[in-house]
**Q** 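Below you'll find the structure I mean.
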Amino acid sequence: MKKVLIGVAALGVIVVGAVFFLLSNLDNIVKDAIQVYGSEATKTQVAVSDVKIKLESGEASITGLNIGNPAGFSDPNIFELGNISTKIDISTIRQNPIVIDEIIISAPKVVYEINKSGISNADVLKKNLGAGGGSSASSGTSEGEELKMIIKRLVVEGTSAKVRIAALGDQQQSVSLPKIVMRDIGKKSGGATAAEVAQQLSSKLLGNVKGSVAKLGVGKYLGKSADAFKAQALDRVGGAGGAVGGAAGGAGDAIKGLFGK
């Protein structure tokens, strides 16, 4: 009997220690999950500076969440998502799906690039997200069921975009983007996975970016290489030079006629 009690006590210590480890390392666990599954969804490097979670109040914050630029573009990141704060319904913390009352993303920065081949980083990232895929590993419950969430309200505000076009010598322009408000993400489907939320938010952000930068007339630089634009510009200059030369020659002949041969 004594051995049994010792065994139960030891098991209790192990369980308590495991729970303590989980709770004390929850911030790092979530940080690692964002980086792994975010990189998987975007097929670029996703990095996070810090995650702070307060289970007792259901509050969480994420700082320094950066989404890397696809290969072939100059800036290191396409999105720098600034400060992210969230409020979780703690009554659902052990349920699936978890209910998140609100997520606010404040002052994110975007870099929209069209490279020398006439391809935009926004289009490449959108293609990556559409490719889906994902690894066999998944974040889930203890029973192996994939964890899902319902987000009642997601706000992205104060977004600014830097526009860089290779055909213009990487000359930069800036534009402010309108506020994004998304509601009831995952509600109709009984919850959305982290990858699905990442896809929905990224698609919304990309659409917002493309709609705003279109007003700057960047569309004409898509699908045409920087070298093609350079050749086109040289042709125009050459044509103008020929016209000027012809006019000058005609004027010279007229002047010579006034004074005889």
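No experiment lies behind these values; they were computed from the predicted model shown.
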**Q** Is there side-chain contact between K52 and D27, with heavy atoms separated by less than 4.5 Å?
**A**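 A side-chain contact exists here, since the closest heavy-atom pair is under 4.5 Å.
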**Q** Checking side-chain contact (heavy atoms from CB on, under 4.5 Å) for the pair I104/E157: CA distance, chi angles, key distance, verdict?
**A** CA-CA 8 Å; I104 297 178; E157 56 189 5; 3.7 Å; yes
**Q** Looking at side-chain heavy atoms only, is the closest gap between I98 and I150 below 4.5 Å?
**A**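 No, side chains not in contact.
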**Q** Kindly say whether D123 contributes a backbone atom to a donor-acceptor pair with the side chain of S120 at under 3.5 angstrom?
**A**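 Judged by distance alone, yes, a pair lies under 3.5 Å.
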**Q** Can you tell me if NZ on K204 sees more than 12 non-hydrogen neighbours from other groups inside 6.0 Å?
**A**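 Open: at most 12 neighbouring heavy atoms sit under 6.0 Å from NZ of K204.
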**Q** Could E102 and R153 be called an ion pair, given the rule that one side-chain N must be under 4.0 Å from one carboxylate O?
**A**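 The answer is yes: the pair qualifies as a salt bridge.
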**Q** Without placing hydrogens or testing angles, list every side-chain donor-acceptor pair under 3.5 Å for residues 181-195, not counting sequence neighbours.
**A**
{"from": "S189", "atom 1": "OG", "to": "G186", "atom 2": "O", "distance (Å)": "3.4"}
{"from": "S189", "atom 1": "OG", "to": "G191", "atom 2": "O", "distance (Å)": "3.1"}
{"from": "T193", "atom 1": "OG1", "to": "E196", "atom 2": "N", "distance (Å)": "3.2"}

**Q** Using every non-hydrogen atom in the two residues, find where N115 and A166 come nearest and quote the distance to one decimal.
**A**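 Minimum heavy-atom contact is C-CB, 3.5 Å.
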**Q** Of all the heavy-atom pairs spanning P70 and L125, show the shortest one and how long it is.
**A**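 Closest approach of P70 to L125: CG-N, 4.2 Å.
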**Q** If two hydrophobic side chains count as joined below 4.5 Å and joins carry through other members, does I67 share a cluster with V124?
**A**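 Different clusters: I67 never reaches V124 through Ile, Leu, Val, Met, Phe, Trp or Tyr contacts under 4.5 Å.
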**Q** Decide yes or no for I114 and L222: does some side-chain heavy atom of the first lie under 4.5 Å from some side-chain heavy atom of the second?
**A**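 Yes, close enough: below the 4.5 Å cut-off.
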**Q** Run the side-chain contact (heavy atoms from CB on, under 4.5 Å) check on L65 and I84 step by step: do they pass?
**A** CA-CA 8 Å; L65 174 54; I84 303 174; 3.6 Å; yes
**Q** Please check this pair: side chain of N66 against backbone of V48, looking for a donor-acceptor N/O pair closer than 3.5 Å.
**A**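 Not confirmed, N66 side chain does not pair with V48 backbone.
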**Q** K179 side chain to G158 main-chain N or O, any donor-acceptor pair under 3.5 Å?
**A**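 No; zero donor-acceptor contacts below 3.5 Å.
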**Q** Between V175 and Y112, is there a side-chain heavy-atom distance shorter than 4.5 Å?
**A**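 No, their side chains stay 4.5 Å or more apart.
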**Q** What's the shortest heavy-atom distance between L216 and V163, and which atoms?
**A**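 Result for this residue pair: CD1-CG2, 3.8 Å.
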**Q** Is L177 reachable from I165 through a run of hydrophobic residues whose side-chain heavy atoms are each under 4.5 Å from the next?
**A**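 Both belong to a single hydrophobic cluster.
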**Q** Under the 3.5 angstrom rule, does the side chain of T63 hit a backbone N or O of S49 as a donor-acceptor pair?
**A**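 Side chain of T63 to backbone of S49, a donor-acceptor pair under 3.5 Å: no, none is there.
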**Q** If you look at every heavy atom in V99 and I88, which pair is closest and at what distance?
**A**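 Closest heavy-atom pair between V99 and I88: O-CG2, 3.7 Å.
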**Q** Within a radius of less than 6.0 Å around CD of E59, do more than 12 heavy atoms belonging to other residues, nucleotides or ligands occur?
**A**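 Atom CD in E59 is crowded, with more than 12 foreign heavy atoms closer than 6.0 Å.
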**Q** Quickly, which of L129, I103, V156 forms a side-chain contact (heavy atoms from CB on, under 4.5 Å) with L201? Name it, please.
**A**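 Looking at L129, I103, V156, the match for L201 under the side-chain contact (heavy atoms from CB on, under 4.5 Å) is V156.
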**Q** Test your reading of the model: is there a side-chain donor-acceptor pair from S39 to the backbone of V46, 3.5 Å cut-off?
**A**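 It does hold such a pair.
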**Q** Would you call V51 and N28 a side-chain contact if the rule is heavy atoms closer than 4.5 Å?
**A**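 A side-chain contact is absent here, since even the closest heavy-atom pair is not under 4.5 Å.
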**Q** Check this for me: does any side-chain nitrogen of one of D89 and K152 sit under 4.0 Å from a carboxylate oxygen of the other?
**A**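 Salt bridge: no.
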**Q** Side-chain donor-acceptor contacts of residues 71-82 below 3.5 Å, not counting sequence neighbours, with atom names and distances?
**A**
{"from": "S74", "atom 1": "OG", "to": "E113", "atom 2": "OE1", "distance (Å)": "2.7"}
{"from": "S74", "atom 1": "OG", "to": "R164", "atom 2": "NH1", "distance (Å)": "3.0"}
{"from": "D75", "atom 1": "OD1", "to": "R164", "atom 2": "NH1", "distance (Å)": "2.2"}
{"from": "D75", "atom 1": "OD2", "to": "K162", "atom 2": "NZ", "distance (Å)": "3.2"}
{"from": "N77", "atom 1": "ND2", "to": "E80", "atom 2": "OE2", "distance (Å)": "3.4"}

**Q** Say whether V110 and I119 are linked into one hydrophobic cluster, either directly or through other cluster members, by side-chain heavy-atom distances under 4.5 angstrom.
**A**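 The answer is no; the residues belong to distinct hydrophobic clusters.
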**Q** Are M149 and I151 side-chain neighbours, meaning at least one heavy-atom pair lies under 4.5 Å?
**A**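 They are in contact (side-chain heavy atoms under 4.5 Å apart), so the answer is yes.
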**Q** Hey, does I62 have a side-chain heavy atom less than 4.5 Å from the side chain of I34?
**A**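 I34 vs I62: side chains touch.
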**Q** With a 4.5 Å limit on heavy-atom distance, are the side chains of V155 and I180 in contact?
**A**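 The answer is no, as the side chains (C-beta and beyond) never meet within the 4.5 Å cut-off.
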**Q** Roughly how far apart are N83 CG and I105 CD1, rounded to 0.5 Å?
**A**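 Spacing of CG (N83) from CD1 (I105) equals 10.5 Å.
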**Q** If hydrophobic clusters are built by linking Ile, Leu, Val, Met, Phe, Trp and Tyr wherever their side-chain heavy atoms come under 4.5 Å apart, do V197 and V30 end up in the same one?
**A**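 Same cluster: V197 reaches V30 through Ile, Leu, Val, Met, Phe, Trp or Tyr contacts under 4.5 Å.
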**Q** Within the side chain of T44, is there an N or O that forms a donor-acceptor pair under 3.5 Å with the backbone of G68?
**A**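 Checked: pair present.
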**Q** Measure the spacing between NZ of K54 and NZ of K87 and express it to the nearest 0.5 Å.
**A**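 Separation between the atoms: 10.0 Å.
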